[in-house]
Amino acid sequence: MYDYIKSIIPRERLLFDEPMSRHTTFKVGGEADCMLLIEKEEELIKLIPYFQKIEQDYFVLGNGSNLLVGDKGYRGIVLKLGDGMKQITVEGNHIRVQAGALLSQTAAAARDAGLTGMEFAAGIPGSVGGAVVMNAGAYEGEMKQIVESVKVMDLTGEILILDNDTMEFGYRTSIMKDRPFVVLETVLQLQPGEKEEIQKKMDELAELRRSKQPLNFPSAGSTFKRPEGHFAGQLIMEANMRGFRIGGAQVSEKHCGFIVNTGKATAEDIKEVIEEVQIRVKERFHIMLEPEIIFLGEF
């Protein structure tokens, strides 16, 4: 297997026993057996069908902003999208952006081009690929509103172009939740706007985030999906969980919808806090909170 990998990925982009704490916004996680730094679509097209064929576990990683990796690490291969997968190209009222590009970088490119509609995404710490998969959103905006099409690869290496309707966007979900496609590139459709007004809106949302979210601690953003008819943070607060702590993991005192790493949390600490929050909210309100984050590896 490694002979095949080395025929595609140069040795300097092949990392063994790589600490995943370096690659997630929670800043926790054990070692991945192997990490490949991906710089071209063609590399994914050659590797993923091969891994499928030999039944090798793998995980495609963007910015690691919605991910909790276990302390015992991941016994598989992580395909981390590198700088060569972060290109952003403005084409009139459209932006063509590769999966590894950050939402913040893409929103800044839209602003610089005088395109409005992406201001909501400026402060979301994820990559465009991950944002498309989960239909990321904030402040009444979501990817569904601006995605025109998505270029994906299936597990055989075939390339498909999915339009907005085909993506089946819903609340924090898309067709990708049920179909094992890999996002390669997205075309966003925006509208002409004034740079000053766009920047003003981005500044307003940034101030809202600073005032309401615990941006001074590592986290994965909102830990739980919003239950229908409720707000997760409100339920957690009313279940008297504000500030609840196990080890270095804590329900944020600033926003109960966030679980944060106060400095020396383990993945197990975070997982236990998540589970205890679920138990207490279920006992109090008969609502089971569903985590928004992905769990990977061994805990």
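Start at 1 with the first residue, then count along the sequence.
Residue Leu103 is grouped with residue Met176 when hydrophobic side chains (ILVMFWY) are merged at heavy-atom distances under 4.5 angstrom, including chains of intermediate members. One hydrophobic cluster, built from ILVMFWY side chains closer than 4.5 Å, cannot hold both Val28 and Leu215; they sit in different ones. There is a path of hydrophobic side-chain contacts, each under 4.5 Å, that joins Leu155 to Ile5. Phe51 and Leu184 end up in the same hydrophobic cluster when Ile, Leu, Val, Met, Phe, Trp and Tyr side chains are linked at under 4.5 Å. Residues Leu162 and Val133 share a hydrophobic cluster, clusters being chains of Ile/Leu/Val/Met/Phe/Trp/Tyr side chains in contact below 4.5 Å.
Between Lys201 and Glu197, no side-chain nitrogen of the basic residue sits less than 4.0 Å from a carboxylate oxygen of the acidic one, so the salt-bridge criterion is not met.
For residues 34-53, the set of pairs meeting the salt bridge (charged side-chain N to carboxylate O under 4.0 Å, His left out) definition, not counting sequence neighbours, comprises Arg13-Glu43, Glu41-Lys151. Listed by first and then second residue, the salt bridge (charged side-chain N to carboxylate O under 4.0 Å, His left out) pairs involving residues 250-265 amount to none (not counting sequence neighbours). Counting only residues at least two apart or on different chains, the salt bridge (charged side-chain N to carboxylate O under 4.0 Å, His left out) pairs with a member in residues 220-247 are Lys225-Glu290. Pairs engaging residues 154-163 under the salt bridge (charged side-chain N to carboxylate O under 4.0 Å, His left out) rule: none recorded [sequence neighbours left out].
A heavy-atom distance below 4.5 Å is found between the side chains of Leu289 and Ile236. Put simply, the side chain of Phe285 does not reach to within 4.5 Å of the side chain of Pro227, judged on heavy atoms. The shortest distance between side-chain heavy atoms of Met35 and Leu61 falls below 4.5 Å. The shortest distance between side-chain heavy atoms of Val277 and Phe224 falls below 4.5 Å. Residues Glu119 and Tyr139 have side chains not in contact (no heavy-atom distance under 4.5 Å, counting atoms from C-beta outward). Considering only heavy atoms from C-beta on, Arg280 comes within 4.5 Å of Glu276 through its side chain. Looking only at side-chain heavy atoms (C-beta outward), Ile293 and Phe26 come within less than 4.5 Å of each other. A heavy-atom distance below 4.5 Å is found between the side chains of Val132 and Met167.
Atom OG1 in Thr186 sits 10.0 Å away from atom CD in Gln98 (nearest 0.5 Å). Rounding to the nearest 0.5 Å gives a distance of 6.5 Å between CE of Met118 and CD1 of Ile95. If you take CG on Leu188 and CD1 on Ile88, they are separated by 9.5 Å, rounding to the nearest 0.5 Å. Taking CD of Glu31 as the reference point, atom OG of Ser21 lies at 9.0 Å (rounded to 0.5 Å). The distance from atom CG of Asn240 to atom SG of Cys256, rounded to the nearest 0.5 Å, is 9.5 Å. Atoms CD and OG1, from Gln191 and Thr116 in turn, are 8.5 Å apart once rounded to the nearest 0.5 Å.
With hydrogens and angles disregarded, no donor-acceptor distance shorter than 3.5 Å links the side chain of Asp112 to the backbone of Ala109. Checking side-chain atoms of Asn135 against main-chain N and O of Phe169 turns up no donor-acceptor pair under 3.5 Å. The closest donor-acceptor contact from the side chain of Asn66 to the backbone of Glu292 lies under 3.5 Å. In this structure a side-chain-to-backbone donor-acceptor pair under 3.5 Å is present from Asn164 to Lys144. With hydrogens and angles ignored, the 3.5 Å screen pairs no side-chain donor or acceptor of Asp71 with any backbone N or O of Gly30. Under a 3.5 Å cut-off, the side chain of Thr223 and the backbone N or O of Ile259 do form a donor-acceptor pair.
Of all non-hydrogen atoms in Met143 and Ala131, the two that sit nearest each other are CG-O, 3.6 Å. The two atoms that bring Leu115 and Gly92 nearest to each other are CD1-O, 3.6 Å, heavy atoms only. The two residues Ser219 and Val260 make their nearest non-hydrogen contact at CB-CG1, 4.1 Å. When every heavy atom of Ile161 is checked against every heavy atom of Ser149, the shortest pair comes out as CG2-CB, 4.0 Å. Listed here is the closest heavy atom pair of Tyr74 and Leu296: CE1-CD1, 3.6 Å. Across all non-hydrogen atoms, the minimal contact from Gln278 to Pro291 is NE2-CD, 3.5 Å.
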Quick one: do Thr24 and Leu68 satisfy side-chain contact (heavy atoms from CB on, under 4.5 Å)? Show the steps, please.
CA-CA 8 Å; Thr24 68; Leu68 180 62; over 6 Å; no
Checking Val78 against Leu36 for the side-chain contact (heavy atoms from CB on, under 4.5 Å) test, could you report, in this order, the C-alpha distance in whole Å, the side-chain angles of both residues, the deciding distance, and whether it holds?
CA-CA 6 Å; Val78 175; Leu36 309 181; over 6 Å; no
Quick one: do Asp57 and Arg75 satisfy side-chain contact (heavy atoms from CB on, under 4.5 Å)? Show the steps, please.
CA-CA 8 Å; Asp57 289 339; Arg75 306 284 73 81; over 6 Å; no
Give the intermediate values and the outcome of side-chain contact (heavy atoms from CB on, under 4.5 Å) for residues Phe59 and Val69.
CA-CA 11 Å; Phe59 184 81; Val69 181; over 6 Å; no
Go through Gln52 and Tyr58 one step at a time and tell me if the side chain to side chain donor-acceptor pair (under 3.5 Å) criterion holds.
CA-CA 9 Å; Gln52 285 293 124; Tyr58 66 90; 3.2 Å; yes
N/O donor-acceptor pairs under 3.5 Å from side chains in residues 79-86, not counting sequence neighbours:
| unit_1 | atom_1 | unit_2 | atom_2 | d |
| --- | --- | --- | --- | --- |
| Lys80 | NZ | Gly62 | O | 3.2 |

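Shown here is Tyr4, whose OH atom has more than 12 heavy atoms of other residues, nucleotides or ligands within 6.0 Å. In this structure, Glu207 places its CD atom where more than 12 heavy-atom neighbours from other residues, nucleotides or ligands lie under 6.0 Å away. Residue Glu140 places its CD atom among 12 or fewer non-hydrogen atoms of other residues, nucleotides or ligands, all under 6.0 Å distant.
Checked against salt bridge (Lys or Arg N to Asp or Glu O under 4.0 Å), Glu142 has no partners two or more places apart in sequence or in another chain.
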